[in-house]
2 protein chains.
Amino acid sequence: MELDERKRKILQAIIKTYLETGEPVGSRTISKMEGLNLSSATIRNEMADLEEMGYILQPHTSAGRIPSDAGYRLYVDQMMAEKALEREEHALTVKDEEHEKLLAKVDRLETLLQQVAKVLAYNTNYATMVTGPDYKNTNVKFVQLSQVDDEQLLAVIVVGSNVIKNKMIDVEERIPNEELLKLNVLLNTFLTGVSVKEIDLELVQTMKQQAGVYADILEHIFDGIIDAVRSATETEVYTSGATNILKYPELGDINRAGELLEVLEEKKALNHLIADENEDGTTNQYGIQVYIGDETPVETLNDCSIVTATYELEEGVRGKIGIIGPKRMDYDKVVTTLRNLTDELDTIFKNKKT
Amino acid sequence: MELDERKRKILQAIIKTYLETGEPVGSRTISKMEGLNLSSATIRNEMADLEEMGYILQPHTSAGRIPSDAGYRLYVDQMMAEKALEREEHALTVKDEEHEKLLAKVDRLETLLQQVAKVLAYNTNYATMVTGPDYKNTNVKFVQLSQVDDEQLLAVIVVGSNVIKNKMIDVEERIPNEELLKLNVLLNTFLTGVSVKEIDLELVQTMKQQAGVYADILEHIFDGIIDAVRSATETEVYTSGATNILKYPELGDINRAGELLEVLEEKKALNHLIADENEDGTTNQYGIQVYIGDETPVETLNDCSIVTATYELEEGVRGKIGIIGPKRMDYDKVVTTLRNLTDELDTIFKNKKT
DNA sequence: TATTAGCACTCATAGATGTTGAGTGCTAAC
DNA sequence: GTTAGCACTCAACATCTATGAGTGCTAATA
């Protein structure tokens with residue numbers, strides 16, 4: 001059977017009204033809509049076809065139809081294609097409010113990202129998550145060891161443009177000033193400008209050798225520093241608006257909802273969402289991906305849809321922004337919002353860099 | 001009417017069984033329990049009295065009784081009194097598992113506290129929160145300004161024994177090395193050893209004056225540093241196990257539950273819990289306080305009970321650990337658990353200090 | 001006087017039954 | 001190919017009826 005123009009239109013209409021109402025839509029509803037003037041009976045026939053083709057399904061015999069995952073997929077793909085076309089027109093739209101709120105506390109990246117998650121949740125009424133950027137591709141910019149007191153050294157490492165990591169290191173005795181100076185020089189010569197992922201055992205070994213006679217004593221200083229740099233790699237996840245999912249009755253059965261909320265609280269699982277980059281063709285110019293139902297990488301979220309976008313903090317240093325909602329999600333609005341948001345973040349980060 | 005021994009026992013029995021079952025308990029249930037051999041009729045009479053006195057209440061005419069807030073209060077007070085007596089016997093109990101898990105990643109205080117919240121939630125099946133310590137009484141230990149690149153200074157401030165704050169400060173041009181050195185000396189002479197709450201405008205003014213001719217240029221450097229120190233004061237709140245509250249049907253109606261979860265997500269409200277220290281007599285030697293129903297300082301939580309304990313990171317630097325659950329909470333277990341936990345934290349922190 | 005047995009009464013809960021209305025599929029007419 | 005018409009299905013809602021746990025009260029008992 002072929003998906004002709006009329007079928008397509010009907011499918012579109014079904015999905016659109018279902019997105020709005022959340023309830024199965026019947027043939028009469030569609031036939032009353034303007035555009036295509038057909039009786040409910042005709043619609044019914046077409047619907048039967050569409051069901052056979054797998055785009056819609058019936059919750060029970062005498063109910064209207066709801067979109068299947070495949071139906072959503074078709075809808076979204078179509079929408080994305082349209083969006084890609086109208087891309088040029090996409091001018092500055094609703095920026096201001098978010099913009100200001102966001103800019104208010106830009107000084108700490110963590111705060112900013114948390115804020116992004118919050119605003120986004122507030123604007124969309126879905127659950128949101130933002131992952132910290134992946135620092136594997138960043139360079140170390142600055143390293144410094146300081147003696148805080150007789151038994152503690154403080155290592156400060158600045159990674160990328162604005163990320164600071166600290167590590168307290170216990171030592172047995174105060175290290176002479178000139179030695180500390182030497183150490184700092186050593187650290188900076190070896191680490192500054194090196195990208196985080198390049199710091200491997202080999203490099204560490206080389207550095208230890210360079211430390212010469214002090215190698216033994218200072219071994220765990222190196223370890224501490226490496227440790228701190230590494231810890232920058234564990235991407236953090238900020239979530240917000242988790243309780244929004246309770247607003248959607250189809251997810252609201254108390255047990256399922258509980259599981260969902262747990263996944264959101266236990267943020268680790270969400271990292272899966274980020275792992276697979278560009279695995280299929282759905283990525284578009286804004287790095288926006290849509291996962292519908294079973295397509296979601298996290299099993300618990302199989303009744304949900306997830307839309308993710310990519311932001312870029314600086315060249316090669318990226319993170320993801322994700323929106324988690326019911327399959328009956330306002331994909332259009334979500335995609336638009338994400339697109340605007342990443343645009344804004346881009347400008348913010350660009351300005352920062354200068 | 002007087003609350004004689006028998007009434008007290010009956011009340012106790014009612015509350016205990018209600019805590020277990022969560023369902024209104026009837027006269028027959030009590031009369032069948034061993035201990036006091038009375039017929040259900042007698043129990044009924046006593047129950048009527050207890051209800052008149054306000055310790056229990058009936059959800060509806062033909063149902064059993066459930067404890068009122070006042071009933072819980074009596075029960076908890078009694079339990080706390082007993083606990084205070086048996087205090088000496090309170091030896092090392094169930095430590096190991098928690099202990100190990102906790103110690104695993106002690107190196108960062110934030111991680112530790114988050115972990116504490118998590119373990120506690122896991123062990124008790126309630127929602128938990130842990131507030132970061134209140135640094136107002138801590139001393140600044142170490143301050144350092146470093147030039148990261150031509151336009152950025154990095155201020156590192158170590159507060160208390162282990163808390164590090166960073167602040168990036170934009171400058172217009174590189175500051176000569178010797179000036180930076182002077183500045184560092186200045187900062188350390190004025191700030192080291194000073195408690196955070198003593199850093200006020202006056203002190204800042206004095207410092208600015210001391211900076212002499214550079215005062216103008218360096219003004220916002222001071223501001224930045226002060227800012228960073230101040231930010232240490234905003235107590236952070238870590239929560240965990242929020243979804244646990246969905247397990248208790250009495251809180252589980254989807255809307256109420258949503259509100260509760262929101263409060264937990266929007267952690268700010270929880271700060272109220274900490275504000276009032278020792279306001280009434282219920283504080284005991286472990287700083288454990290129990291808020292029942294309407295006693296909770298946060299209105300949304302009026303159907304819940306909250307138990308808080310205090311931990312001490314170091315002399316005068318304290319934070320709170322809180323458990324949020326249904327009024328039908330296993331107070332005994334919760335109090336015991338909190339007591340053990342604060343004990344453990346004490347030893348951990350004590351060891352840290354050395 | 002305190003306790004208890006007995007009884008009528010209440011009421012949430014759960015099941016059975018009926019009604020409604022939205023929606024379908026199919027057939028026959030256009 | 002489209003549509004009107006009709007019989008059919010079924011979730012949702014309301015109504016009714018046990019059922020049983022639990023009560024309060026009264027009168028008998030120790």
Side-chain angles (χ1 to χ4, degrees), chain A residues 1-11 13-15 17-18 20-68 71 249-250 252-253, chain B residues 1-11 13-15 17-18 20-68 71 249-250 252-253:
Chain A
M1 204 175 316
E2 204 206 349
L3 189 69
D4 57 13
E5 188 53 27
R6 195 169 74 178
K7 282 192 174 51
R8 196 180 290 272
K9 264 189 180 164
I10 293 175
L11 180 58
I14 294 174
I15 297 183
T17 50
Y18 182 70
E20 281 165 26
T21 66
E23 274 168 18
V25 352
S27 51
R28 229 175 91 83
T29 319
I30 301 296
S31 85
K32 272 190 299 187
M33 290 175 45
E34 48 201 295
L36 60 179
N37 287 341
L38 292 172
S39 79
S40 61
T42 316
I43 306 288
R44 275 204 288 285
N45 288 328
E46 295 290 46
M47 276 176 156
D49 289 353
L50 283 170
E51 182 163 7
E52 201 180 327
M53 290 191 264
Y55 292 121
I56 53 180
L57 36 85
Q58 256 180 318
H60 61 267
T61 339
S62 73
R65 302 304 211 289
I66 61 173
S68 70
E250 62 263 50
D253 125 77
Chain B
M1 201 176 319
E2 204 206 349
L3 189 69
D4 58 13
E5 187 54 26
R6 194 170 72 176
K7 281 191 175 50
R8 195 181 291 271
K9 265 190 179 163
I10 292 176
L11 180 58
I14 293 174
I15 298 183
T17 50
Y18 183 69
E20 282 166 24
T21 66
E23 274 167 19
V25 353
S27 51
R28 227 174 92 82
T29 320
I30 302 295
S31 86
K32 271 189 299 188
M33 290 174 47
E34 48 202 297
L36 58 180
N37 287 341
L38 292 172
S39 81
S40 61
T42 316
I43 305 288
R44 275 203 290 283
N45 288 329
E46 295 289 47
M47 277 177 156
D49 290 353
L50 284 171
E51 181 163 8
E52 201 179 326
M53 289 192 264
Y55 292 120
I56 53 180
L57 37 84
Q58 258 181 316
H60 60 267
T61 338
S62 73
R65 303 302 211 290
I66 61 173
S68 70
E250 63 263 50
D253 126 77

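Each chain gets a letter, A, B and so on, in the order the sequences are listed, and its residues count up from 1.
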Gap between atoms [atom1] and [atom2], on [X] and [N] respectively (whole Å):
X: B:Ile43; N: D:dA21; atom1: CD1; atom2: P; result: 18 Å
X: A:Leu36; N: D:dG1; atom1: CG; atom2: C1'; result: 15 Å
X: A:Arg28; N: D:dG5; atom1: CZ; atom2: P; result: 13 Å
X: B:Ile66; N: D:dT23; atom1: CD1; atom2: P; result: 13 Å
X: A:Glu46; N: C:dG23; atom1: CD; atom2: P; result: 19 Å
X: A:Asn37; N: D:dG1; atom1: CG; atom2: P; result: 19 Å

*Given D:dT3, is OP1 or OP2 found less than 4.0 Å from the side-chain N or O atoms of A:Thr42?*
yes
*For A:Ser40 and D:dT3, is the shortest distance between a side-chain N/O and OP1 or OP2 below 4.0 Å?*
no
_Greater than 12 external heavy atoms within 6.0 Å of B:Glu23's CD_ = no
*DNA chain C: 5'-proximal contact among B:Leu38 and A:Val25 (nearest heavy atom)*: B:Leu38
Pairwise N/O distances under 3.5 Å, protein to nucleotides 9-11 of chain C:
{"from": "C:dT10", "atom 1": "O2", "to": "B:Ser62", "atom 2": "OG", "distance (Å)": "2.9"}
{"from": "C:dC11", "atom 1": "OP1", "to": "B:Thr61", "atom 2": "OG1", "distance (Å)": "2.8"}
{"from": "C:dC11", "atom 1": "O4'", "to": "B:Ser62", "atom 2": "OG", "distance (Å)": "3.0"}
{"from": "C:dC11", "atom 1": "O2", "to": "B:Ser62", "atom 2": "OG", "distance (Å)": "3.4"}

*Looking at B:Leu57, B:Ile56, B:Ile66, which one forms a side-chain contact (heavy atoms from CB on, under 4.5 Å) with B:Pro24?*
B:Ile66
Taking only nitrogen or oxygen atoms into account, show me every contact under 3.5 Å that the protein makes with nucleotides 24-30 of chain D, one pair per line with its distance.
{"from": "D:dG24", "atom 1": "OP1", "to": "B:Arg65", "atom 2": "NH2", "distance (Å)": "2.9"}
{"from": "D:dG24", "atom 1": "N7", "to": "B:Arg44", "atom 2": "NE", "distance (Å)": "3.1"}
{"from": "D:dG24", "atom 1": "O6", "to": "B:Arg44", "atom 2": "NH2", "distance (Å)": "3.3"}

